[in-house]
**Student:** 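Here's a structure for you.
Everything quoted here is computed from the prediction, not taken from an experiment.
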Amino acid sequence: MKVKKKEIVRDVLFLLISLISSVICFTSNEAGYSYMFILPLAFNMCFLVGLKSIIGMQGSIFCNVFTMIAFLRYVILPPITVHTKYYLAYTKYTPTSNERNFAVFLMAYELIAVTVTIVIMYKKDKALSVGQLINGGYKYRYEKWHVVTILTILLICIVSLLNSAVISQFNFITPSLTNALNYSDNYRFYEDTSAMVKLLAIVFNVFLTLIFINAMIKYAIKYKKTNNYFYFIVSTACGLLNIVIYQGANRSAMMIKGIATVILLLVLFPKKKKQLLCFFSIVIFSVLILISSARNHDVLSSALKIAKTLDEYVAGPEDVAVAMHIDKYSGNAGKLIHFIYDLCRPIIGLGSLIKTDTIMTTPEMYNYVIYGSTEGASILPFIGQGYYYLGFLLAPILEMVFVGIANCIEKNMKKGRNLLMTYFWIFIVVRMGFFMAQNSYIQINSLFVFYVIPALILKVNHILISQRKEGIRDMGDGN
């Protein structure tokens, strides 16, 4: 009954805020966004009809993250954009009023199409819910590292630590000035560095995560066995280090890393939810502020800075309107060739082999529209990418495919019991929950970096220790 009351309060709040947002947008007379009020109404409809039944503790991680991002994008951002007139200072390219209105309708259509897909998939095949994950509903396996695994990880870490070009890309708590000026949400780290340095930095990032998360799990198991509070502190400290040591100055990547770390800590220590959530919420929020302060060199008012930051996270109508013009820079490559190139470029290793100056990826085309250069770090919205390849009616199809991938990953979480791999599963589905505000380049790159690479390492380790594995039967019973 208590849970039911919380859900009712949540639904009423979402409804009221959406209606207030719609009224604010409707009363605005700003040219170009006459139909902005449709976006909060579209969210309201999708939430009441479908989303509210697949979120919360009984919903999956992906569905919860998607709903929150959609809420920010369709309910919170529109009135802020209208109030601050932020779109007037966003880009060198200024969309027309008709293009902005068209972008609003495209976004509303996107939300409806994607919501229908999510509800159908997640109603039909129940994925691992948040409640099942953090309340001890499943037994997890912990595998020791084989000496070969340890030596490989140590070798890569030592080589990386001796390479100043690699180490300079990493920060502790606050980003360096170099990282703040050279951040990229498309994982295109520092164009003047070699492919080998970029690859080494990516692998080092994954291995560093493996070390911290493995230590976090190991000491959580010791705490479970001994009830010694010291092990809880050490385990939590390892999780803290995993959050505050990060690559580049990418806010969303750091936040996703933080969310994944906290969720795994809740799996390990289900009876300490409140303490962990309180402490790590403060940590993540503080680091985000430090990154934003280091990156923000614009001379803007506080209101415009808020609008700019939120727009960078969730990709509003102005971004979509700009994205509709990337076809002007498609070059001579046909759409099919361009699509294949777009899918292959973010794949580690393959991307470097097929890179050519004659074809731009769609994110590069998007930045070219805004800055007249491919070296910008603005994120092409997924619907803009879909519109470029498939037109208005079929634009959401690419996003619907990624919803299917997220659904498959979350169903596999039920079968897999390796705690270390669970962290990377969580990381990926949280990242995929951001998909509307990102694009296939980011999603595919993230899949290969934080899913394929760790999965291969842990699979080899599993084979090596198959005769020596040890586990813990039920982490859900932790204190």
Side-chain angles (χ1 to χ4, degrees), residues 57 61 64-65 68-69 71-72 76 130 133-134 167 169-177 179-180 183 185 204-220 222-223 229-296 305-306 309-310 312-314 419-420 422-431 433-434 437 446 450 475 478-479:
M57 293 298 286
I61 295 172
N64 278 284
V65 174
M68 289 310 302
I69 295 301
F71 179 72
L72 291 173
I76 303 301
V130 174
L133 187 63
I134 68 175
I167 294 304
Q169 296 183 26
F170 289 82
N171 311 289
F172 178 69
I173 301 178
T174 185
S176 65
L177 180 60
N179 284 327
Y183 75 93
D185 286 306
F204 178 60
N205 189 23
V206 173
F207 282 11
L208 205 59
T209 301
L210 280 167
I211 291 171
F212 288 137
I213 299 302
N214 184 69
M216 188 175 87
I217 295 169
K218 185 175 181 178
Y219 285 104
K222 287 189 176 183
Y223 172 73
Y229 204 76
F230 171 75
Y231 292 128
F232 168 72
I233 294 173
V234 175
S235 179
T236 305
C238 292
L240 179 64
L241 287 173
N242 189 55
I243 294 172
V244 300
I245 298 177
Y246 54 93
Q247 186 176 14
N250 183 332
R251 286 174 298 206
S252 63
M254 195 289 302
M255 183 167 62
I256 292 166
K257 191 178 184 182
I259 293 171
T261 304
V262 173
I263 292 176
L264 189 59
L265 279 168
L266 296 180
V267 174
L268 297 169
F269 305 105
K271 294 185 180 180
K272 299 188 182 297
K273 293 188 187 75
K274 291 182 180 179
Q275 301 98 307
L276 291 170
L277 286 172
C278 181
F279 175 71
F280 281 99
S281 294
I282 294 171
V283 169
I284 294 170
F285 185 69
S286 299
V287 176
L288 285 173
I289 289 176
L290 290 171
I291 296 174
S292 295
S293 299
R295 276 177 44 171
N296 200 337
K305 284 181 180 178
I306 293 172
T309 300
L310 186 57
E312 287 174 347
Y313 273 121
V314 300
L419 269 173
L420 200 49
T422 297
Y423 167 83
F424 292 100
W425 278 329
I426 294 169
F427 183 98
I428 288 299
V429 294
V430 172
R431 164 68 81 181
F434 281 68
S446 187
F450 294 105
M475 295 301 294
N479 294 304

**Student:** Tell me which one of Leu276, Ile426, Val429 satisfies side-chain contact (heavy atoms from CB on, under 4.5 Å) with Ile263.
**Tutor:** Ile426

**Student:** Do other residues, nucleotides or ligands put more than 12 heavy atoms under 6.0 Å from the OH atom of Tyr219?
**Tutor:** no

**Student:** Over all heavy atoms of both residues, which pair between Met216 and Ser235 is shortest? Give the atoms and the distance, please.
**Tutor:** O-OG, 2.6 Å

**Student:** Do Met57 and Ile134 have side chains that approach each other closer than 4.5 Å (heavy atoms only, starting at C-beta)?
**Tutor:** yes

**Student:** Please report the closest heavy-atom contact between Phe212 and Cys238, naming both atoms and the distance.
**Tutor:** O-CB, 3.6 Å

**Student:** Please report the closest heavy-atom contact between Asn171 and Pro175, naming both atoms and the distance.
**Tutor:** OD1-CA, 3.3 Å

**Student:** Is there a side-chain contact between Ile256 and Phe434 in this structure, where contact means two heavy atoms from C-beta onward sitting under 4.5 Å apart?
**Tutor:** yes

**Student:** Could you tell me whether the side chain of Ile61 reaches within less than 4.5 Å of the side chain of Trp425, counting heavy atoms only?
**Tutor:** no

**Student:** A cation-pi test, strictly: NZ or CZ of Lys272 under 6.0 Å from the centre of the six-membered ring of Phe232 and no more than 45 degrees from its axis. Yes or no?
**Tutor:** yes

**Student:** Under 3.5 Å, which donor-acceptor pairs do the side chains of residues 277-290 form with other protein atoms, sequence neighbours left out?
**Tutor:**
residue: Ser281; atom: OG; partner: Leu277; partner atom: O; Å: 2.5
residue: Ser286; atom: OG; partner: Ile282; partner atom: O; Å: 2.7

**Student:** Say you draw a straight line from CZ of Phe450 to CD1 of Ile428; how long is it, rounded to the nearest 0.5 Å?
**Tutor:** 7.5 Å

**Student:** Does the pair Ile243 and Lys257 meet the rule for a side-chain contact (heavy atoms from CB on, under 4.5 Å), with working shown?
**Tutor:** CA-CA 6 Å; Ile243 294 172; Lys257 191 178 184 182; 5.5 Å; no

**Student:** If you take all heavy atoms of Ile291 and Tyr246, which pair is closest and at what distance?
**Tutor:** CG1-OH, 3.5 Å

**Student:** Where do Ala253 and Phe427 come nearest, in terms of heavy atoms and distance?
**Tutor:** O-CE1, 4.5 Å

**Student:** Nearest heavy-atom pair of Leu420 and Ile217: which atoms, and what distance?
**Tutor:** N-CD1, 3.7 Å

**Student:** Quick check for you: to the nearest 0.5 Å, what is the distance between Phe207 atom CZ and Asn214 atom CG?
**Tutor:** 13.0 Å

**Student:** Are Ile245 and Leu208 close enough that some pair of their side-chain heavy atoms sits under 4.5 Å apart?
**Tutor:** yes

**Student:** Working to the nearest 0.5 angstrom, can you tell me the gap between Leu265 CG and Gln275 CD?
**Tutor:** 12.0 Å

**Student:** Test Val234 against Phe230 for side-chain contact (heavy atoms from CB on, under 4.5 Å), laying out the working first.
**Tutor:** CA-CA 6 Å; Val234 175; Phe230 171 75; 3.5 Å; yes

**Student:** Please walk me through it: do Leu268 and Leu419 pass side-chain contact (heavy atoms from CB on, under 4.5 Å)?
**Tutor:** CA-CA 9 Å; Leu268 297 169; Leu419 269 173; 4.0 Å; yes

**Student:** Assign the ring pair Phe170 / Phe204 to parallel, tilted or perpendicular, where the plane angle (0 to 90°) is split at 30° and 60°.
**Tutor:** perpendicular

**Student:** side-chain contact (heavy atoms from CB on, under 4.5 Å), that's the test. Do Ile213 and Leu264 meet it? Break it down for me.
**Tutor:** CA-CA 9 Å; Ile213 299 302; Leu264 189 59; 3.6 Å; yes

